[in-house]
Amino acid sequence: MYFSDEKELFEACKKSLFSAVIGDILDSMGYVNQFLPQRIKPLHDGYVCIGRAMTVQEADITGPLEKPFGKMFEALDSLQEHEVYICSGSSLDYAQWGGLMSNRAIHLRASGAILNGFSRDTKEILELGFPVFSSGLYAKDQGVRGKVIDYRCPITFENGVVVQSGDIVFGDLDGVVIIPQSIEEEVLTKAFEKSNEENIVRDAIVKGMPTVEAFEKFGIM
């Protein structure tokens with residue numbers, strides 16, 4: 001697998017890969033818990049998000065804040081090209097992302113935002129076409145309810161998935177999967193190979209090959 005830069009790699013991934021094939025490869029390598037919770041979905045069925053995780057640690061608050069939103073603005077401004085703003089740690093009680101944040105992320109050439117919580121300003125985000133994945137839509141503001149306490153640090157989701165800053169994040173309509181940085185080359189190489197093989201199997205099935213025969217011949221289904 002050779003690509004001139006990450007932009008070319010990520011574009012090829014968006015074109016040829018999907019969360020299921022990446023998850024299958026991770027399973028085959030013994031990494032069997034790499035999907036974020038199923039409820040985290042794209043705002044639009046056609047959104048595909050791939051990039052490097054820019055991890056954000058959220059927390060609930062009680063009472064007034066000296067600094068509204070904590071370190072959220074610093075975290076947002078630290079986004080780099082091809083990075084994904086991905087946050088976890090708070091309750092499901094308010095929105096963690098909105099339209100203004102999407103505009104800033106687009107200016108910084110980020111790849112998307114993935115939230116273990118809600119998003120708002122949905123109409124604006126859809127008009128922008130910025131890939132946002134969340135647990136649902138909710139206008140309730142974070143300002144008096146939550147804050148960012150750290151970023152570019154390990155974060156954990158309630159199903160036990162740990163995301164490190166720099167891991168590759170891939171999300172589509174079927175789910176969001178995390179590729180650890182230490183095995184990314186092997187995972188993506190095998191995923192591209194499996195995707196090509198599945199196309200061959202699909203062609204054979206379309207032409208009438210029984211599934212039993214197809215699995216015996218190709219070992220894929």
Side-chain angles (χ1 to χ4, degrees), residues 1-31 34-36 40 42-56 74-87 97 101-115 125-133 151-155 161-203 218-220:
M1 184 179 71
Y2 174 78
F3 296 95
S4 59
D5 55 26
E6 284 201 340
K7 180 179 180 180
E8 186 177 320
L9 168 62
F10 292 154
E11 285 299 320
C13 290
K14 287 178 73 173
K15 181 179 179 180
S16 300
L17 300 184
F18 42 98
S19 59
V21 73
I22 294 172
D24 290 351
I25 295 301
L26 286 161
D27 283 349
S28 72
M29 294 172 60
Y31 291 78
Q34 296 303 123
F35 275 95
L36 301 189
I40 299 177
L43 267 61
H44 185 279
D45 288 355
Y47 283 167
V48 176
C49 177
I50 181 169
R52 294 206 175 272
M54 199 289 285
T55 52
V56 178
E74 290 87 343
L76 181 61
D77 284 344
S78 83
L79 273 172
Q80 298 177 23
E81 187 172 8
H82 308 310
E83 287 191 328
V84 177
Y85 185 105
I86 178 169
C87 67
W97 189 268
M101 297 177 75
S102 295
N103 277 282
R104 179 59 175 156
I106 289 170
H107 178 79
L108 296 171
R109 303 187 183 213
S111 295
I114 294 174
L115 321 165
I125 295 173
L126 290 173
E127 289 173 349
L128 291 169
F130 186 66
V132 171
F133 289 60
Y151 58 99
R152 297 192 182 280
C153 59
I155 59 173
V161 176
V162 177
V163 185
Q164 304 279 352
S165 187
D167 287 346
I168 290 181
V169 182
F170 187 99
D172 60 19
L173 183 59
D174 287 334
V176 180
V177 63
I178 306 300
I179 307 173
Q181 208 169 353
S182 59
I183 58 170
E184 64 183 43
E185 184 172 355
E186 183 179 359
V187 171
L188 291 177
T189 298
K190 290 181 176 179
F192 278 113
E193 291 172 354
K194 189 172 191 293
S195 179
N196 290 333
E197 290 167 355
E198 286 193 359
N199 289 334
I200 295 171
V201 175
R202 184 177 297 106
D203 289 343
F218 300 107
I220 294 174

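Note that the coordinates shown come from a computational prediction; the quantities given were computed from them, not determined experimentally.
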With distance as the sole test, does [X] use its side chain to make a donor-acceptor pair with the main-chain N or O of [Y] at under 3.5 Å?
X    : Y    : value
E83  : M54  : no
S195 : S16  : yes
T55  : I155 : no

Taking the side chain as C-beta and beyond, is there a heavy-atom pair between [X] and [Y] under 4.5 Å?
X    : Y    : value
M101 : Y85  : yes
Y31  : I183 : yes
L36  : I114 : yes
L17  : L188 : yes
I168 : I50  : yes
N103 : L128 : yes
I86  : V56  : no
S102 : V132 : yes

Please name the pair of heavy atoms, one in [X] and one in [Y], separated by the smallest distance, quoted to 0.1 Å.
X    : Y    : answer
F130 : A105 : CZ-CB, 3.5 Å
S111 : C49  : O-SG, 3.8 Å
F35  : G23  : CE1-CA, 3.6 Å
A53  : Q164 : CB-O, 3.8 Å
A12  : F3   : CB-CE2, 3.5 Å
L173 : P42  : CA-CG, 3.9 Å

According to ring-ring contact (aromatic ring centres under 6.0 Å, His included), who are the partners of Y47, at least two apart in sequence or on a separate chain? H44
Could you tell me which residues satisfy side chain to side chain contact (heavy atoms under 4.5 Å, CB included) with V48, sequence neighbours excluded, listed by chain and number? K14, F170, D172
Rounded to the nearest 0.5 Å, what separation is found between the [atom1] atom of [X] and the [atom2] atom of [Y]?
X    : Y    : atom1 : atom2 : result
Q181 : S165 : CD    : OG    : 8.0 Å
I22  : K194 : CD1   : NZ    : 11.5 Å
Q34  : M29  : CD    : CE    : 10.0 Å
I178 : E184 : CD1   : CD    : 12.5 Å

Qualifying residues under salt bridge (Lys or Arg N to Asp or Glu O under 4.0 Å), relative to [X], sequence neighbours excluded:
X    : value
R104 : D77
E81  : none
E193 : none

Once the angle between the rings of F10 and H82 is folded into 0 to 90°, is it parallel (under 30°), tilted (30 to 60°) or perpendicular (over 60°)? perpendicular
Looking at V187, V163, L26, which hits side chain to side chain contact (heavy atoms under 4.5 Å, CB included) with P180? L26
Dump the intermediate steps for side chain to side chain contact (heavy atoms under 4.5 Å, CB included) on Y151 and C87, then the final yes or no. CA-CA 9 Å; Y151 58 99; C87 67; over 6 Å; no
Pairing residues for E6 by the side chain to side chain donor-acceptor pair (under 3.5 Å) criterion, not counting sequence neighbours: R52
So does K190 pair up with E186, basic N to acidic O under 4.0 Å? yes
